[in-house]
Amino acid sequence: MLFTGKRILVGVSGGIAAYKAAELVRRLVGLGARVKVVMTRSAREFVGPLTFQALTGEKVATAMFGPESEPLEHISLGQEVDAIVLAPATANLIGKLAAGLGDDLLTTIMLAATKPVLLCPAMNVEMWANPVVQQNLARLQGRGITLMEPASGPLACGAVGLGRLPEPDLIVEALARLVSPQDLAGRKVLVTAGPTHEDFDPVRFLTNRSSGKQGYALARVAWRRGAEVTLVSGPSSLAAPYGVNRIMVRSARDMLAAVRERFAEADVLLMAAAVSDYRPTQAEILKIKRGRENMQFHLTQNADILKQVAPKKTGQIVVGFAAETHDLESEARRKMREKHLDLIVANDVNRPDSGFQVDTNEVTIIPREGDPIPLPLLSKEEVADKIMDAVAGLWQARERGSAAGA
């Protein structure tokens, strides 16, 4: 699971959005995290400590002094975790942190904290726009704290605008980047995902069974590991991964144009899309009406995107994907040679639990040099992590080679 073995400190301050912190904690625990909650006095006016204790199985820390406090807890809690998330962070808490105040347990913990911090503000729209609040936020970012800007929408006070606490699943994603290895930091990663639609007429099209789940998982994992990620997606119902720049396209020709435009600036191309090999030679402008007993359509081959762009690489790592029904490794190696790939990922799409439209995949990662790496059936996010391990390994090998030749 995403947070297995990770210790997360959740700081909750006093705003109406404190109720969302309970869902955040529940999700983190469900993803394997060990969560410790620290509440300010005002936070307890909105949500009781017992709620968080029930969710985490741990006593909630609320005060520096008294029978419920632990000696030196204000030091240890910010240093013996993997990351800290402050959600919601009120304007009052932000002001105290910016000024370096330590007048309660949470602010004192933050003065001694040595671990990555994710700050999730939530407040009235005018409070958010206040120049002093913005200056305080800039000051905290200058100290290395990661800011997650609030969402826009209706607020508890009746106003509409920026100030809503982001939804818990998005906070989880932002936090995941803080606890993931940053071995792709500074890299630009270009990912393609999903099917393409090749139109017969305004209502009918030629496509395939790809859902885009594996490509979206690759984009999400690459961003978590520090990369700047662009996702070129065919038609898909999946939500854009947090932090990723998504570009929606429809046809194979649209996808080719989008990849060509961005390939030169990319460090890595992961071509996970299931691009249609053929398109109708002519798409009708009007809907084709029922009537004829039999109909014939002529198909034209689409350009192979990898064959178009991979020969033009100037140092990029290019990864292809081979969805096969037989001769898995031999077909994958043939594609790797023909398309000038550095790595190819092969999977047998005959299996009902692997490949299209499911949440799991069983693949073999085949490098240009070295032995294939067969993986057991894993979630698509776990597969994405293994693929990114291989990509990061290629970069590290290149850097060692460059250092040795210098």
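These values consider heavy atoms only, across backbone and side chains, with no hydrogens, waters or symmetry-generated copies.
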(request) May I ask you to say whether Glu381 pairs ionically with Arg224, meaning some side-chain N is under 4.0 Å from a carboxylate O? (result) yes
(request) Calculate, to the nearest 0.5 Å, the distance between atoms CG and CG belonging to Leu190 and Leu231 respectively. (result) 8.5 Å
(message) Test your reading of the model: is there a side-chain donor-acceptor pair from Glu362 to the backbone of Leu378, 3.5 Å cut-off?
(response) no
(message) Could you report the tightest heavy-atom contact between Ala113 and Ile84, atom names first, then the distance?
(response) CB-CD1, 3.7 Å
(request) For Lys20 and Leu165, indicate whether the former's side chain and the latter's backbone hold a donor-acceptor pair under 3.5 Å. (result) yes
(request) Using distance alone, with no hydrogens and no angle criterion, decide if Ser379 and Glu382 have a side-chain donor and acceptor under 3.5 Å apart. (result) yes
(request) Output, in order, the C-alpha distance, side-chain angles, deciding distance and verdict of salt bridge (charged side-chain N to carboxylate O under 4.0 Å, His left out) for Arg187 and Glu399. (result) CA-CA 13 Å; Arg187 303 295 182 190; Glu399 289 170 349; 2.6 Å; yes
(request) Inspect the surroundings of NZ in Lys313 and state if more than 12 heavy atoms from other residues, nucleotides or ligands are less than 6.0 Å away. (result) yes
(message) Apply side-chain contact (heavy atoms from CB on, under 4.5 Å) to residues Thr90 and Met127 and explain how you reach the verdict.
(response) CA-CA 10 Å; Thr90 60; Met127 294 171 71; over 6 Å; no
(message) Could you tell me if the side chain of Arg164 sits less than 4.5 Å from the side chain of Pro154, heavy atoms only?
(response) yes
(message) Please find the pair of heavy atoms, one from Pro372 and one from Arg333, that lie closest to each other, and give the distance.
(response) CG-NH2, 3.6 Å
(request) Could you tell me whether the side chains of Thr196 and Ser276 share a donor-acceptor contact shorter than 3.5 Å? (result) yes
(message) Using a 3.5 Å distance criterion without hydrogens, assess whether the side chain of Asp82 forms a donor-acceptor pair with backbone atoms of Arg7.
(response) yes
(request) Show your working on side-chain contact (heavy atoms from CB on, under 4.5 Å) between Leu175 and Phe3 and close with a plain yes or no. (result) CA-CA 10 Å; Leu175 190 58; Phe3 287 90; 4.2 Å; yes
(message) With salt bridge (charged side-chain N to carboxylate O under 4.0 Å, His left out) as the criterion, how do Asp304 and Lys339 come out once you've worked through the C-alpha distance, each side chain's angles and the decisive distance to 0.1 Å?
(response) CA-CA 9 Å; Asp304 187 310; Lys339 301 183 183 186; 2.9 Å; yes
(request) Give a yes or no answer on whether the side chain of Ser251 reaches the backbone of Glu198 with a donor-acceptor pair at less than 3.5 Å. (result) no
(request) Give, for atom CG of Leu256 and atom CZ of Arg260, the distance between the pair rounded to the nearest 0.5 Å. (result) 4.0 Å
(request) State, with a plain yes or no, whether a side-chain heavy atom of Leu119 is found less than 4.5 Å away from one of Thr146. (result) no
(request) Walk me through it: do Phe205 and Phe200 pass the test ring pair (Phe, Tyr, Trp, His ring centres under 6.0 Å)? (result) CA-CA 5 Å; Phe205 51 84; Phe200 286 105; 8.8 Å; no
(message) Quick check: closest heavy atoms across Thr364 and Pro374, and the distance to 0.1 Å?
(response) OG1-CA, 3.9 Å
(message) Looking only at the side chains, is there a donor atom on one of Gln182 and Arg225 sitting less than 3.5 Å from an acceptor on the other?
(response) no
(request) Can you spot which of Thr107, Ile109, Thr108 makes a side chain to side chain contact (heavy atoms under 4.5 Å, CB included) with Leu105? (result) Ile109
(message) Are Glu167 and Ile171 packed together at the side-chain level, in the sense that at least one heavy-atom pair is separated by less than 4.5 angstrom?
(response) no
(request) Output the distance between atom CZ (Arg27) and atom CG (Leu24), rounded to the nearest 0.5 Å. (result) 9.0 Å
(request) Give a yes or no on whether the backbone of Ala112 and the side-chain of Gln79 come within a donor-acceptor separation of less than 3.5 Å. (result) yes
(request) Drop me the distance from Asn136's CG to Asn92's CG, to the nearest 0.5 angstrom. (result) 10.5 Å
(message) Is it the case that the side chains of Arg246 and Tyr216 hold a donor-acceptor pair, with the cut-off being a distance below 3.5 Å and no angle test?
(response) yes
(request) With rounding to the nearest 0.5 Å, note down the distance linking CD1 in Ile317 to CG in Leu341. (result) 12.0 Å
(message) Is it the case that atom CD in Glu228 sees more than 12 heavy atoms from other parts of the structure closer than 6.0 Å?
(response) no
(message) Are Leu184 and Met388 packed together at the side-chain level, in the sense that at least one heavy-atom pair is separated by less than 4.5 angstrom?
(response) yes
(request) Identify the two heavy atoms, one from Pro202 and one from Glu284, that lie closest to each other, and give their separation to 0.1 Å. (result) CD-O, 3.5 Å
(message) Salt bridge or not between Glu58 and Arg34? Use side-chain N to carboxylate O under 4.0 Å.
(response) yes
(request) Verify salt bridge (charged side-chain N to carboxylate O under 4.0 Å, His left out) between Arg334 and Glu338, making sure each step is shown before the conclusion. (result) CA-CA 6 Å; Arg334 177 186 63 79; Glu338 290 181 358; 3.0 Å; yes
(message) So, taking the atom named CD1 in Ile387 and the one named CZ in Phe321, what distance separates them when rounded to the nearest 0.5 Å?
(response) 4.0 Å
(message) On a heavy-atom basis, which atom in Ala274 and which in Ser210 lie closest, and how many Å separate them?
(response) CB-CB, 3.6 Å
(message) Around atom CG of Asp371, are there more than 12 heavy atoms from other residues, nucleotides or ligands closer than 6.0 Å?
(response) no
(message) Less than 4.0 angstrom from a charged side-chain N to a carboxylate O is my criterion; do Glu23 and Arg26 meet it?
(response) yes
(request) Compare all side-chain heavy atoms of Val244 with those of Arg220 and state whether any distance is below 4.5 angstrom. (result) no
(message) Once salt bridge (charged side-chain N to carboxylate O under 4.0 Å, His left out) is applied, do any residues pair with Glu265, and if so which ones, sequence neighbours excluded?
(response) none
(message) Could you tell me if Thr300 and Tyr278 have a donor-acceptor pair between their side chains, going purely by distance under 3.5 Å?
(response) no
(message) If you define the side chain from C-beta out and look only at heavy atoms, does anything of Thr230 sit under 4.5 Å from Val191?
(response) no
(message) Taking the side chain as everything from C-beta on, heavy atoms only, tell me whether Val319 gets closer than 4.5 Å to Met271.
(response) no
(request) Answer yes or no: is there an ion pair linking Asp342 with Arg398, defined by an N-O contact shorter than 4.0 Å? (result) yes
(message) Taking the ring centre of each residue, are Tyr19 and Phe46 less than 6.0 Å apart?
(response) no
(message) I'd like to know whether Val309 forms a side-chain contact (heavy atoms from CB on, under 4.5 Å) with Leu269, so could you lay out the CA-CA distance, the side-chain angles of the two residues, the decisive distance to 0.1 Å, and finally the verdict.
(response) CA-CA 10 Å; Val309 301; Leu269 169 62; 3.9 Å; yes
(message) Is it the case that the side chain of Arg177 and the backbone of Glu173 share a donor-acceptor pair, with hydrogens and angles ignored and the cut-off at 3.5 Å?
(response) no
(message) Looking at every non-hydrogen atom in both residues, tell me the closest pair between Ala193 and Gly215 and how far apart they are.
(response) CB-CA, 3.6 Å
(message) Side chains of Asp267 and Gln316 only: does a donor on one sit below 3.5 Å from an acceptor on the other?
(response) no
(message) Quick check: do Lys36 and Phe52 have side-chain heavy atoms less than 4.5 Å from each other?
(response) no
(request) Might you work through the side-chain contact (heavy atoms from CB on, under 4.5 Å) test for Lys213 and Leu238, ending with a clear yes or no? (result) CA-CA 8 Å; Lys213 289 181 177 180; Leu238 300 174; 4.1 Å; yes
(message) Assess whether a salt bridge exists between Arg204 and Asp199, defined as any Lys/Arg side-chain N lying under 4.0 Å from an Asp/Glu carboxylate O.
(response) no
(message) Using side-chain hydrogen bond (donor to acceptor under 3.5 Å, both in side chains), reason through Gln301 and Asp277 one step at a time and then give a plain yes or no.
(response) CA-CA 6 Å; Gln301 192 174 68; Asp277 292 327; over 6 Å; no
